[in-house]
Each structure stands twice: as structure tokens, then as C-alpha cells.
Trainee: 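Quick one: this structure, given as C-alpha cells, is what I'll be asking you about.
Here the structure is a predicted model, which means the values were calculated and not measured. Order of the sequence lines fixes the chain letters, A, B, ..., with proteins taken first and strands second; residue numbering starts at 1 for each chain.
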2 protein chains.
Amino acid sequence: MNETDEGVTRWRRVADRIRSAIAEGTMGERLPPETELAETYGVNRHTVRRAIQSLSAEGLLRAERGRGTFVNAAPPRLAYPIGPRTRFSENVSAQGRRPGGRLIRADTMRADGALAQLLDCAPGAMLHRLETLSVANGVPLSIATSHFSVERFPGIVRAYAETGSVTEALRLEGVADYRRRETRITAERVHRLDAEHLASAPDAIVLVSLAVDVDLDGRPVQAIRARFPADRMELVLRP
Amino acid sequence: MNETDEGVTRWRRVADRIRSAIAEGTMGERLPPETELAETYGVNRHTVRRAIQSLSAEGLLRAERGRGTFVNAAPPRLAYPIGPRTRFSENVSAQGRRPGGRLIRADTMRADGALAQLLDCAPGAMLHRLETLSVANGVPLSIATSHFSVERFPGIVRAYAETGSVTEALRLEGVADYRRRETRITAERVHRLDAEHLASAPDAIVLVSLAVDVDLDGRPVQAIRARFPADRMELVLRP
DNA sequence: ACGAATTTGTGCGTATGTATT
DNA sequence: TAATACATACGCACAAATTCG
């Protein structure tokens, strides 16, 4: 190893050299095997593995058991417009993709304090919980968990199952139209079950959007917690 | 180790048991040392470390060299409103925090294709690049890199240095007012230098906001790429 | 002030498992 | 089947940071 960057741990130096080699294009699409990298950099294979682990966490590399370690091509992110009239199917089809959705789970739960405040209902009130996976061109784009008041929308689950659309289901339940009142966005590591549905790496990052839709009278209709894989999606806001 | 969850790797089982112990409250604020955990779970210390690494990545734990491994208390996130008139100092002071900013770097660069399109200038045009760190109550909240056309705003850096405010600096350069035209939001792992400035863990997650401000005639004024630590901030949109 | 004990971080060697070629 | 390549796991040693007597 080079002695110029004294004070930096070996695996970090290895990671930097691999990153540079990729940036210069001297690495190619596929990395040499770990044993070979260990030899060329003069370190133990574990040290190479620690470096590769770090670069994989950044999204630069992708290690596949039995096959090799590959350089990730950075695909362009799909834009997801957010506004007062955000609707998933319209968003995706506008970009020439074939939208699709699948109901993952439907059950009931009791509102905790935060949900009760968002939905303007009593804490402990029964809520329908709908979990849906959105897909475009076969690529999972989001998991959304929607919460509806059971008292106000008793048949929402059946209506959604029949129509496949929240907009249509709400219309059947007497909500002519709705709009977005507030969206809160943060990010976190993907949860394990979400990672499976989203076909993401177990340590991938998701954008988390917590939104409230209200009817034309301003009454809360649904609270939605959507998770978007951050390496495939970006949220776009236009005032 | 328990033999009921056959087929799952040991470090994952250890991680699950630690997570459960924390959830049940039987773990306390500080974890036992790695050697002790290894003994109680009947695995090697490396296996415990792999589990702790995973839980740290989730944000549940925090390992401090020489001190121990601690359970992270989840602090409430600070809300950052985004809208057509987003201004940092107004945002933060509205929440009873004392805002502050610091200029990290100021230099020039050439516009790549993406920046040129955002700023409506020629690719390769010279741009001022201003990197600023925003702090509230001593806690770093964001790093923002602003790009301005050198041709149009030759004195923007000096003006910013004197006034400490982009709004004021732009006024000195002849821009009476500006508004947000577009904001694109995604998320990624924090870069190393950003992590130092933001006082984040090296594997923390940042929300990345790429925004364009335009003057009253609709001409692009600045392109901003801001990074927010996702464990401390959430972006809030109200139509 | 200083050294010993404690605790996490890094690194190497070895062995074995598992998926792919 | 055999060879290859990444994944997991153990053991040992030492480094670096902190704590405490």
C-alpha cells in the first residue's frame, strides 16, 4: 500500500483506490476477484471485503455471490411529481410507463396519537390499513400504506379491491374529489419486508412521504405513508 | 444460539435478539461489551460486531470507540418547509431556533450539461460555487451548494461574504426578489466531507434537494443542491 | 498527571458454506 | 462434477479512544 495517506485505515485506502480506478475507467465493468484484489493491493482478503462493503453501501458496487463484484451503472431516476392533485397512475403513465398496482395487505388497526391528529379522529379509533405496491414496467416504484377511518369509510377495502384505484374507491364511498393537504418527506434505511417487495438491497435507502389527503370540505380522508427506493425515484415539486 | 430459526445467518439472529431486547426494555441504555454479548449469545465477537454494525446502520445503535455501544434515542425531526418562497433563516427562526450559517467554500467551476440546463446557460460557462453550512442551536441542519453565473453575478461571492445572506447578496447584484421554480428530492448516503460538516455518522442518510430559483422574469438565478441529515430533518410541503 | 484497565476498531489467518459458471 | 467466487464464522493480535484509580 501507498504510505502517503498515513493515518487512514487500510480498507479506506483500498476503497479510495478502487473508486479512483472506476472513475478513471481502468477497472472495467467487473472487478477482479477479492483474492486478486487483496494481492495487488497487498492486503488481506478481509480488508478488501471491508472496502467493497463500503463501496456497495454507497451504491457504487454490487457483489453477487458466486458471480463476482460489478460496477453499478447509475440509472436515471424516475421523477415522481408531488402536488395538490398527486395521483400515482397519472404520474407514471405520463412518463410513458405502464403503471400497475398490487394489494399487499388489508387489515384494521387503531389510530395512534400521530395518526389521530393527521386524520382528525380520536386516538384509538379503528382504521382501515391498505398496503399497496406500485409498479411501472415491472419495476417496483413504491409501497404505500393508506389509513382510512372505518367509521366513515366502512366499505373502502372492498371498493378498492373492485376498482383497483383509491380515487375510484373513495368516489364509491361518497368522496367526489380530494386533494393533498400536506406532505412530509424524510429518508431512512429500507425495512426488511419492504426491501423484498421493492426488490431493493437490504441496506437500500427509501424516501418516506407522509401525506394527508382532504376532501373538498377540508376534512381528512386518508393518511398515506409511502416509501420510494431512493436509487430509482426522485420527488419533484413545482409550485 | 437458538436452533428454531434455522437457515438464518448467526449475525442476523444475534441482531434480532438484540433488537428484541431493546424493544422489551431489558437492554437498558447501554449494551454490554462485545465480548460479553459474544459469550451470552455463544458466538464469536466478530459475529456480534456484524450484528451491531447492521443495527447501527438502521440507526438503532451507536458504537463509540473506547466507551461502549448505546441505544439511540429517536429525536423528533425538525421540519423544513419547502415552497415557492423557501428561505432558510425564516424557516428556522419560525420554530424558535437560533439560525446560523457559515461559508465553507467559494470557488468557480464550469457548468456541466445538467447545470447548464437548469440555469439556462451554455455548457462550460463559468459558475460561482458557494458552499454553506446551516446551523440551528449549534446543530448542523444542512449543507447547500449554490451555483451562480459568473457573467451575470460577478460580485455575488463578496456580496454574500458581506451580508451573510443569499437574498441580500442577490439584491446587491440587482435581483429584487426570486422564487422557487422547481425542487427535486432524493436521498443517498452522506459523502465523507459532508458527514464531517454535518456531524453525522459516516454511513448516515441525507435528503438531497436540487432546486432552481428564478427571478421575477422567470430567469434562473441560482441552482442549489442542499443535503439534509435525514435523521434530523424532514421536508414539509404545503400546497 | 499518569498509567492500567476497559472497550471498540482494524487486520490477518484459517476454515467452511453456498451460489454460479 | 469441478472450479470459481462471494458469504459467514472463528480465533488471535494489536491499535486507538476512553475511563478510572
Side-chain angles (χ1 to χ4, degrees), chain A residues 1-3 5-18 27-72 192 195 199 201-203, chain B residues 1-3 5-18 27-72 192 195-196 199 201-204:
Chain A
M1 291 294 304
N2 195 340
E3 301 298 338
D5 13 36
E6 204 75 48
V8 182
T9 55
R10 292 198 186 184
W11 68 263
R12 234 176 240 289
R13 281 182 285 182
V14 171
D16 287 342
R17 291 182 65 171
I18 293 176
M27 190 56 97
E29 184 62 23
R30 179 191 160 160
L31 266 61
E34 293 170 348
T35 50
E36 192 179 323
L37 287 171
E39 196 174 1
T40 64
Y41 292 135
V43 298
N44 187 275
R45 187 180 148 228
H46 282 310
T47 309
V48 169
R49 280 182 60 74
R50 184 69 183 82
I52 288 177
Q53 184 183 30
S54 171
L55 295 173
S56 300
E58 288 179 19
L60 183 62
L61 296 181
R62 162 181 37 91
E64 299 181 21
R65 184 198 289 222
R67 289 182 23 87
T69 303
F70 303 87
V71 178
N72 271 332
R192 196 171 332 163
D203 58 351
Chain B
M1 292 293 304
N2 196 339
E3 302 297 339
D5 14 36
E6 204 75 48
V8 181
T9 56
R10 291 197 184 183
W11 68 262
R12 229 178 247 287
R13 281 181 283 181
V14 171
D16 288 341
R17 291 182 63 169
I18 293 176
M27 189 56 95
E29 185 61 23
R30 182 194 155 157
L31 265 62
E34 294 169 349
T35 49
E36 191 179 322
L37 287 172
E39 195 173 2
T40 63
Y41 292 134
V43 299
N44 188 273
R45 187 180 148 225
H46 281 307
T47 308
V48 169
R49 282 182 58 74
R50 183 69 184 82
I52 289 176
Q53 185 182 29
S54 171
L55 295 173
S56 300
E58 289 179 19
L60 183 63
L61 296 181
R62 163 181 38 90
E64 298 182 22
R65 184 202 293 226
R67 290 182 25 88
T69 303
F70 303 86
V71 179
N72 271 332
R192 202 188 308 176
E196 294 176 15
D203 58 351

Trainee: Round to the nearest Å and state the distance from A:Trp11 atom CH2 to C:dG11 atom C1'.
Mentor: 13 Å
Trainee: Indicate yes or no for a side-chain donor-acceptor contact from B:Thr47 to the backbone of B:Val43 under 3.5 Å, with no hydrogens or angles considered.
Mentor: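 Absent.
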Trainee: Taking only the side-chain nitrogens and oxygens of B:Arg65, find out if one of them lies under 4.0 Å from OP1 or OP2 of C:dT10.
Mentor: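 For C:dT10, neither OP1 nor OP2 has a side-chain N or O of B:Arg65 closer than 4.0 Å.
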Trainee: Please check this pair: side chain of B:Asn72 against backbone of B:Leu61, looking for a donor-acceptor N/O pair closer than 3.5 Å.
Mentor: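 Checking the backbone N and O of B:Leu61 against the side chain of B:Asn72, a donor-acceptor pair under 3.5 Å is found.
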Trainee: Is B:Thr69 close enough to C:dT8 that one of its side-chain N or O atoms is under 4.0 Å from OP1 or OP2 there?
Mentor: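 True: B:Thr69 side-chain N/O within range (under 4.0 Å) of C:dT8 OP1/OP2.
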Trainee: Which one, D:dG11, C:dT8, D:dC6, comes nearest to the side chain of A:Arg49?
Mentor: D:dC6
Trainee: Once you round it to whole Å, what is the distance between C1' of C:dT7 and CD of B:Glu39?
Mentor: 16 Å
Trainee: By nearest atom, which of the nucleotides C:dT8, D:dA7, D:dA5 is closest to the B:Pro33 side chain?
Mentor: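 Closest nucleotide among those given: C:dT8.
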Trainee: Take atom CD of B:Glu64 as the centre, draw a 6.0 Å sphere, and report whether it contains more than 12 heavy atoms from other residues, nucleotides or ligands.
Mentor: yes
Trainee: What's A:Arg45 touching, base or sugar-phosphate or nothing? Going by heavy atoms closer than 4.0 Å.
Mentor: base
Trainee: Please work out if B:Thr35 contacts a base, only the sugar-phosphate, or nothing of the nucleic acid, heavy-atom cut-off 4.0 Å.
Mentor: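 No contact.
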Trainee: To the nearest angstrom, how far is B:Phe70 atom CZ from D:dT18 atom C1'?
Mentor: 10 Å
Trainee: Would you say D:dA9 has OP1 or OP2 under 4.0 Å from some side-chain N or O of B:Arg50?
Mentor: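 Indeed not, no polar side-chain atom of B:Arg50 lies that close.
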Trainee: Can you check whether B:Arg67's main-chain N or O pairs, donor with acceptor, with B:Arg30's side chain at less than 3.5 Å?
Mentor: yes
Trainee: Please give, in whole Å, the distance from C:dG9 C1' to A:Arg13 CZ?
Mentor: 15 Å
Trainee: For B:Arg10 and C:dT18, what is the distance between atoms CZ and P respectively, to the nearest whole Å?
Mentor: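 Value for this atom pair: 12 Å.
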Trainee: How is B:Arg62 classified with respect to the nucleic acid when contacts are heavy atoms under 4.0 Å: base, sugar-phosphate, or nothing?
Mentor: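 Contact class for B:Arg62: none.
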Trainee: Think B:Thr47 has a side-chain N or O under 4.0 angstrom from the OP1 or OP2 of D:dC10?
Mentor: yes
Trainee: Taking atom types as they are modelled, would you say the side chain of A:His46 forms a donor-acceptor pair with the base of C:dT14 within the 3.5 Å cutoff?
Mentor: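 It does, because a donor-acceptor pair links the side chain of A:His46 to the base of C:dT14 below 3.5 Å.
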Trainee: Identify whether any heavy atom of A:Arg12 sits under 4.0 Å from a base atom; if not, whether one sits that close to sugar-phosphate; answer base, sugar-phosphate or nothing.
Mentor: nothing
Trainee: Given that A:Gly66 and A:Asn44 both sit by DNA chain C, which one's nearest nucleotide is further toward the 5' end?
Mentor: A:Asn44
Trainee: Tell me the interatomic distance from B:Tyr41, atom OH, to D:dT8, atom P, rounded to whole angstroms.
Mentor: 19 Å
Trainee: Please report the distance, rounded to the nearest Å, between CD1 in A:Ile52 and C1' in D:dA7.
Mentor: 12 Å
Trainee: Provide, to the nearest angstrom, the distance between the CG atom belonging to B:Leu61 and the P atom belonging to C:dG9.
Mentor: 11 Å
Trainee: To the nearest 0.5 Å, what is the distance between CG on B:Leu55 and CD on B:Glu58?
Mentor: 5.5 Å
